[in-house]
Participant: 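Mind having a look at this structure? Questions to follow.
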Amino acid sequence: MKVRHSLIFLAWLSSSCLFAQPSARETGKNTVMPTENAASDTTVQKKPPYKNNLIKRFIREFNAMDTTYITPNKYNWAVMLQNTNSFEFYSLNNKERQQELSFSPNPSIKIGPYLGWRWIFLGYTFEVSSIGKGQQTKKTELELSLYSSMLGCDLIYRRTGNDFRLRKVRGLGEESEMVEGSYVKGIDVRVTGINAYYIFNHKRFSYPAAFAQSTVQRKNCGSWKAGASYTTHELNFDYNALPPAITQNPDHQLSPDFHVDHIKYTDFSVSCGYAYNWVFKKNWLFCISLTPALGYKKTITYATIHETPESGPTQASHMRNLNIDATLRAGLVWNNTKYFGGLSLIVHNYNYRHNRLGINNTFGTLNLYIGLNFHKRKNYI
């Protein structure tokens with residue numbers, strides 16, 4: 001029996017784990033500038049060089065928080081058991097003939113323990129769906145999310161293929177709808193990208209409280225955020241691998257726009273969205289975040305199976321267009337600073353159109369977890 005295993009590196013940045021503690025202004029304490037001579041109160045010690053002050057101010061601002069809204073992390077170590085469920089949905093559509101083919105693989109279900117030190121988490125997970133089946137999936141799914149008070153980042157690396165099911169058929173007759181649910185082996189999807197964003201109200205709003213369990217949100221608060229992302233998308237699609245009821249139906253011919261062999265394009269987008277933390281009960285938090293993005297697409301290759309002298313192997317090789325993408329995040333957390341548990345959902349949606357062929361790719365993860373923090377930091381003992 002083969003059990004698929006993966007080593008997943010989850011970065012856990014928090015406003016209390018990194019760098020310095022809140023400044024005196026933020027904690028409510030007064031500070032006195034030391035003097036060169038104890039007998040003189042008019043000679044003040046020279047300030048450090050401007051460069052050093054700038055670095056210190058950035059470090060403090062990077063993790064600054066209003067402690068009436070956010071409780072910082074008090075521990076160095078944490079252990080956690082997590083269940084990760086990955087899903088994906090891919091759709092090809094042609095508006096001219098009102099035809100649509102939708103695919104999705106079976107959900108990937110993993111479970112495993114994690115050990116964390118401040119902001120670094122290492123885990124070993126088993127893919128539950130492959131246990132006892134004597135087979136190993138060809139999927140590679142790595143989604144790394146980094147959360148701090150001020151900045152956030154998503155790293156995406158996905159290689160999905162050969163286990164897609166045909167979920168929906170539209171515009172190709174009743175016979176074609178009968179094959180919904182069948183496996184299609186001619187699809188291979190690859191996505192690689194990075195998404196970074198800035199939290200404007202980071203002193204009072206905590207993303208780590210909702211998705212990294214490292215701080216605790218004490219009062220309701222929301223924040224606008226803005227960012228940018230860069231991704232590459234690649235699709236290998238063999239329409240001949242579709243069931244004959246779709247490819248050989250004389251009454252409902254499949255549009256030539258589906259006769260695609262390979263598509264690869266890049267997507268650069270800018271985004272602006274809003275997130276809100278709702279503290280509906282002591283130690284409980286619900287977070288919802290939606291970030292629409294305006295994506296600028298550039299086609300690198302677009303190869304068709306039936307090439308013509310006019311089209312060649314690549315059609316509209318450098319076509320550019322604009323589409324709306326989106327990222328959704330939601331989290332439900334219980335955290336009393338010592339013990340924690342909850343669930344989180346992250347969904348990415350990308351849209352692309354080439355002439356009459358439209359492509360929609362939606363994927364994400366649902367995590368369920370329970371854990372505890374231990375070994376208090378010195379300043380909290």
Side-chain angles (χ1 to χ4, degrees), residues 8 10-18 63 65-86 110-121 123 125 143-154 197 199 201-223 225 273-291 327-348 364-374 376-377 380:
I8 300 178
L10 294 178
W12 194 357
L13 297 177
S14 75
S15 55
S16 61
C17 290
L18 299 178
N63 294 279
M65 68 178 71
D66 185 339
T67 54
T68 62
Y69 280 78
I70 303 170
T71 298
N73 187 22
K74 302 178 181 179
Y75 298 87
N76 288 310
W77 293 89
V79 291
M80 178 175 69
L81 181 66
Q82 178 169 292
N83 163 236
T84 299
N85 306 275
S86 301
K110 304 173 186 176
I111 190 169
Y114 290 79
L115 175 65
W117 178 80
R118 294 197 178 183
W119 58 277
I120 299 176
F121 254 73
T125 61
E143 293 182 46
L144 174 65
S145 295
L146 315 177
Y147 297 103
S148 72
S149 299
M150 182 189 298
L151 302 174
C153 180
D154 299 318
Y197 50 89
I199 307 296
N201 191 19
H202 56 271
K203 292 184 180 180
R204 294 184 175 183
F205 171 86
S206 176
Y207 248 145
F211 299 100
Q213 307 87 45
S214 55
T215 61
V216 179
Q217 186 84 40
R218 293 303 184 187
K219 292 185 178 181
N220 300 338
C221 190
S223 176
K225 62 177 185 173
Y274 191 80
Y276 190 79
N277 280 347
W278 176 36
V279 183
F280 59 91
K281 195 174 182 181
K282 183 179 179 181
N283 298 329
W284 283 93
L285 170 67
F286 176 73
C287 176
I288 187 71
S289 169
L290 180 62
T291 310
T327 298
L328 170 70
R329 302 175 197 268
L332 177 65
V333 185
W334 176 84
N335 190 343
N336 69 353
T337 70
K338 175 68 174 179
Y339 303 97
F340 59 85
L343 58 88
S344 64
L345 173 68
I346 303 176
V347 181
H348 302 279
T365 57
L366 174 65
N367 297 318
L368 292 88
Y369 53 86
I370 185 171
L372 63 91
N373 298 302
F374 63 97
K376 272 192 175 183
R377 301 171 67 181
Y380 291 108

Participant: Measure the acute angle between the ring planes of Y274 and Y276, then classify it against the limits of 30° and 60° as parallel, tilted or perpendicular.
Facilitator: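 Y274 vs Y276 ring planes: parallel.
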Participant: Which pair of non-hydrogen atoms, one from A78 and one from N373, has the smallest distance, and what is that distance?
Facilitator: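 Heavy atoms of A78 and N373 come nearest at CB-OD1, 3.2 Å.
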Participant: How are the rings of Y147 and Y207 set to each other: parallel, tilted or perpendicular (split at 30° and 60°)?
Facilitator: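 Judged by the thresholds at 30° and 60°, the geometry between Y147 and Y207 is tilted.
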Participant: What are the two closest heavy atoms between Y339 and L372, and how far apart are they?
Facilitator: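 Minimum heavy-atom contact is CD2-CB, 3.6 Å.
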Participant: Using the ring of each side chain (for Trp, its six-membered ring), is F374 parallel, tilted or perpendicular to W77, with breaks at 30° and 60°?
Facilitator: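 Parallel.
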Participant: Mark yes or no for whether T67, through its side chain, and I70, through its backbone, hold a donor-acceptor pair below 3.5 Å.
Facilitator: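 No; zero donor-acceptor contacts below 3.5 Å.
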Participant: Tell me yes or no: between the side chains of S206 and T215, is some donor less than 3.5 Å from an acceptor?
Facilitator: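 There is such a pair between these side chains.
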Participant: Considering non-hydrogen atoms only, spot the tightest contact between Y369 and L332 and give its length.
Facilitator: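 Heavy-atom minimum between the residues: OH-O, 4.1 Å.
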Participant: Considering non-hydrogen atoms only, spot the tightest contact between F205 and C221 and give its length.
Facilitator: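 Closest approach of F205 to C221, heavy atoms only: CD1-O, 3.4 Å.
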Participant: Whether D66 and R204 form a salt bridge (side-chain N of Lys/Arg under 4.0 Å from carboxylate O of Asp/Glu) is what I want to check.
Facilitator: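 Yes, charged N to carboxylate O under 4.0 Å.
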Participant: Quick one: list whatever passes side-chain hydrogen bond (donor to acceptor under 3.5 Å, both in side chains) with R218, sequence neighbours left out.
Facilitator: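 By the side-chain hydrogen bond (donor to acceptor under 3.5 Å, both in side chains) rule, R218 matches T71, N283.
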Participant: Could you state the interatomic distance from CG (L151) to CG (L146), rounded to the nearest 0.5 Å?
Facilitator: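 L151 CG to L146 CG: 10.5 Å, rounded to 0.5 Å.
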Participant: Determine whether more than 12 heavy atoms belonging to other residues, nucleotides or ligands lie under 6.0 Å from atom CH2 of W278.
Facilitator: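 For W278, atom CH2 is not crowded (no more than 12 foreign heavy atoms under 6.0 Å).
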Participant: Show, in sequence, the C-alpha distance, side-chain angles and deciding distance for N277 and Q217, and conclude whether the side chain to side chain donor-acceptor pair (under 3.5 Å) test is met.
Facilitator: CA-CA 8 Å; N277 280 347; Q217 186 84 40; 3.0 Å; yes
Participant: Other residues, nucleotides and ligands only: do more than 12 of their heavy atoms fall within 6.0 Å of CG on L290?
Facilitator: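 Yes, enclosed.
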Participant: When rounded to the nearest 0.5 angstrom, what is the spacing between NZ in K74 and NZ in K376?
Facilitator: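 One finds 5.5 Å between NZ of K74 and NZ of K376.
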Participant: Just wondering, do V279 and K281 contact through their side chains at under 4.5 Å, heavy atoms?
Facilitator: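 No. Closest side-chain heavy atoms not under 4.5 Å.
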Participant: Where do S86 and T365 come nearest, in terms of heavy atoms and distance?
Facilitator: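 Of all heavy-atom pairs spanning S86 and T365, the closest is OG-CG2, 3.7 Å.
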Participant: Hey, does D154 have a side-chain heavy atom less than 4.5 Å from the side chain of R329?
Facilitator: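 With C-beta onward as the side chain, the pair touches.
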Participant: Does the side chain of I346 reach to within under 4.5 Å of the side chain of L328, using non-hydrogen atoms?
Facilitator: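 The answer is no; the side chains never approach within 4.5 Å.
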Participant: For the residue pair S149 and I199, what are the closest heavy atoms and their distance?
Facilitator: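 Shortest heavy-atom contact: O-CB, 3.7 Å.
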Participant: Check whether any side-chain heavy atom of L343 sits under 4.5 Å from a side-chain heavy atom of L345, and report yes or no.
Facilitator: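 Side-chain contact under 4.5 Å: no.
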Participant: If only side-chain N and O atoms count, and only distance matters, is there a donor-acceptor pair under 3.5 Å linking S289 with K225?
Facilitator: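 The answer is yes; a qualifying pair exists.
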Participant: Between Q213 and M80, is the side-chain contact (heavy atoms from CB on, under 4.5 Å) condition met? List the steps.
Facilitator: CA-CA 10 Å; Q213 307 87 45; M80 178 175 69; 4.0 Å; yes
Participant: Does any donor atom in the side chain of Q82 or T84 lie under 3.5 Å from an acceptor atom in the other side chain?
Facilitator: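 Note: Q82 and T84 side chains meet the donor-acceptor criterion.
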